[in-house]
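What you see is a predicted model, and the numbers here were worked out from it, not measured in a lab.
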Amino acid sequence: MCDTLNELALLSECLQKRTTSVAYADKLIHRSIRFINGLGERPGTKVLAAENAISEGRLGTVVLTDNSKIVTINRQQFIRSLSNNLSHRMFTTASSRGAASQAQLDSDYVHLLAQLKVLERDKWPPAPTMPPGYGEVQVSELCQRFRLPTVSVINAFRDFVESTVDDATPAELRPLMNCTRLIPCSTAECERGFSQMNLIITPTRNRLLIERVSTLMFIKLHGPPLTQWDPTGYVTTWLRRHRSAEDKRSRQAAAESRKDPDPLWRFL
């Protein structure tokens, strides 16, 4: 349990990076699935520590004893179940309520990944063997998907391929690069937000919470830095509509007066 939780924590931390693209997220998830499957053949560090504690009969200063009430989980079954659940939660190209079959969705997703990988430098073939026009068909299909100008983006992609600087991304190619990073690759922050709200989830509250979390995620993904954000409009609206303590529609607090103030007050 601890070995798999450590791997899932590592995966979650990597997926929460704002620079994580869909192709890289797919690579991370497959890597974690392979690691978890490997735990069925070779024990992890926590399992080895537990086995050593059992052979020695103590864990640190605690003496271990048998307890028939505690049922040991089936390690192989647990690992298979966790691996299958991760596989079923892979990305897709449509809602689960769509009319397309799962096989068609899987095929479309593989095709989308192949399109996105041409934008990743580490996926390119070596320069001497790179064919002329490499990746231009995939870039053209992506432009049609995201409604971007095909000619200017393909020309910028050629400059990107011929560039020798890793961080040199042409300006006309950046809109397409940004489109590959617009999909949230992790829901950990949503789950954390629900747990921190500590509310009883009813259908109405569930809808409101989903709308609130969706809004917060949109702001985090697309919101400008604080140095470029102008809050004047929001502050003006808040001042116009909120109810302050002086509002006649709110119950005003009674003024508290003390005839004998504390002598220490003058020192504070």
Side-chain angles (χ1 to χ4, degrees), residues 8 10-35 83 85-98 100-190 214 217-218 220-223:
L8 293 178
L10 177 62
L11 173 63
S12 177
E13 183 178 353
C14 294
L15 292 179
Q16 291 181 47
K17 295 181 179 178
R18 298 189 64 175
T19 57
T20 300
S21 62
V22 177
Y24 185 59
D26 179 83
K27 175 182 177 181
L28 293 175
I29 296 175
H30 277 97
R31 180 192 300 170
S32 294
I33 292 176
R34 291 194 301 268
F35 178 84
S83 176
N85 286 331
L86 280 177
S87 300
H88 293 159
R89 283 163 173 76
M90 296 296 292
F91 295 107
T92 182
T93 57
S95 171
S96 58
R97 296 173 294 179
S101 63
Q102 185 61 40
Q104 182 62 39
L105 293 177
D106 293 342
S107 176
D108 293 343
Y109 176 63
V110 172
H111 184 63
L112 176 61
L113 280 180
Q115 295 173 346
L116 296 175
K117 287 179 180 179
V118 302
L119 301 175
E120 307 282 344
R121 286 183 179 270
D122 57 346
K123 304 296 183 182
W124 293 351
T129 61
M130 181 179 292
Y134 168 78
E136 293 184 9
V137 175
Q138 291 82 355
V139 171
S140 176
E141 293 174 348
L142 289 175
C143 290
Q144 295 178 9
R145 176 185 292 270
F146 298 117
R147 293 182 174 86
L148 296 174
T150 305
V151 177
S152 59
V153 173
I154 288 180
N155 185 58
F157 178 72
R158 291 178 178 178
D159 295 337
F160 183 60
V161 172
E162 296 175 356
S163 174
T164 57
V165 182
D166 293 340
D167 297 333
T169 302
E172 294 180 339
L173 185 61
R174 290 173 186 170
L176 180 59
M177 301 288 282
N178 292 335
C179 287
T180 67
R181 296 179 173 88
L182 293 181
I183 303 177
C185 297
S186 174
T187 58
E189 293 180 89
C190 293
S214 176
M217 290 186 66
F218 180 85
K220 181 171 183 180
L221 289 171
H222 309 292

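Taking CZ from R145 and CG from L142, the interatomic distance works out to 7.0 Å, rounded to the nearest 0.5 Å. Note that the CG atom of L116 and the OH atom of Y109 stand 8.5 Å from one another [nearest 0.5 Å]. Taking CG from L173 and CD1 from I154, the interatomic distance works out to 11.0 Å, rounded to the nearest 0.5 Å. Summarising the geometry, atom CG belonging to L176 is positioned 10.0 Å from atom CD belonging to Q115; distances are rounded to the nearest 0.5 Å.
Annotation for L148 and P175: closest pair CD1-C, 4.1 Å, computed over non-hydrogen atoms. Scanning all heavy atoms of the two residues, the minimum distance from F157 to V118 falls at CE1-O, 3.5 Å. For A156 against E172, the heavy-atom pair with the smallest separation is CB-CB, 3.9 Å.
Partners of R147 according to the side chain to side chain contact (heavy atoms under 4.5 Å, CB included) rule, which considers only residues two or more places apart in sequence or in another chain, do not exist here. Qualifying side chain to side chain contact (heavy atoms under 4.5 Å, CB included) partners for V137, counting only residues two or more places apart in sequence or in other chains: E141. Taking the side chain to side chain contact (heavy atoms under 4.5 Å, CB included) definition, one finds that E120 meets it with S21, A23, D122, K123, sequence neighbours left out. With sequence neighbours excluded, no residue forms a side-chain hydrogen bond (donor to acceptor under 3.5 Å, both in side chains) with S140.
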**Study point:** Stepwise side chain to side chain contact (heavy atoms under 4.5 Å, CB included) check, K27 with C14
**Key:** CA-CA 11 Å; K27 175 182 177 181; C14 294; over 6 Å; no
Point to revise | CA sep, side-chain torsions, deciding dist, call: F160, L119, side chain to side chain contact (heavy atoms under 4.5 Å, CB included) | key: CA-CA 9 Å; F160 183 60; L119 301 175; 5.6 Å; no
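Of the possible donor and acceptor atoms, one in the side chain of H30 sits under 3.5 Å from a partner among the backbone N and O of D26. Remark: side-chain polar atoms of S12 are not paired, donor with acceptor, to backbone N or O of L8 under 3.5 angstrom.
Listed by first then second residue, pairs satisfying salt bridge (charged side-chain N to carboxylate O under 4.0 Å, His left out) with a partner in residues 109-119 number zero, not counting sequence neighbours. Applying the side chain to side chain donor-acceptor pair (under 3.5 Å) definition to pairs two or more places apart or across chains, those involving residues 148-159 are E136-R158.
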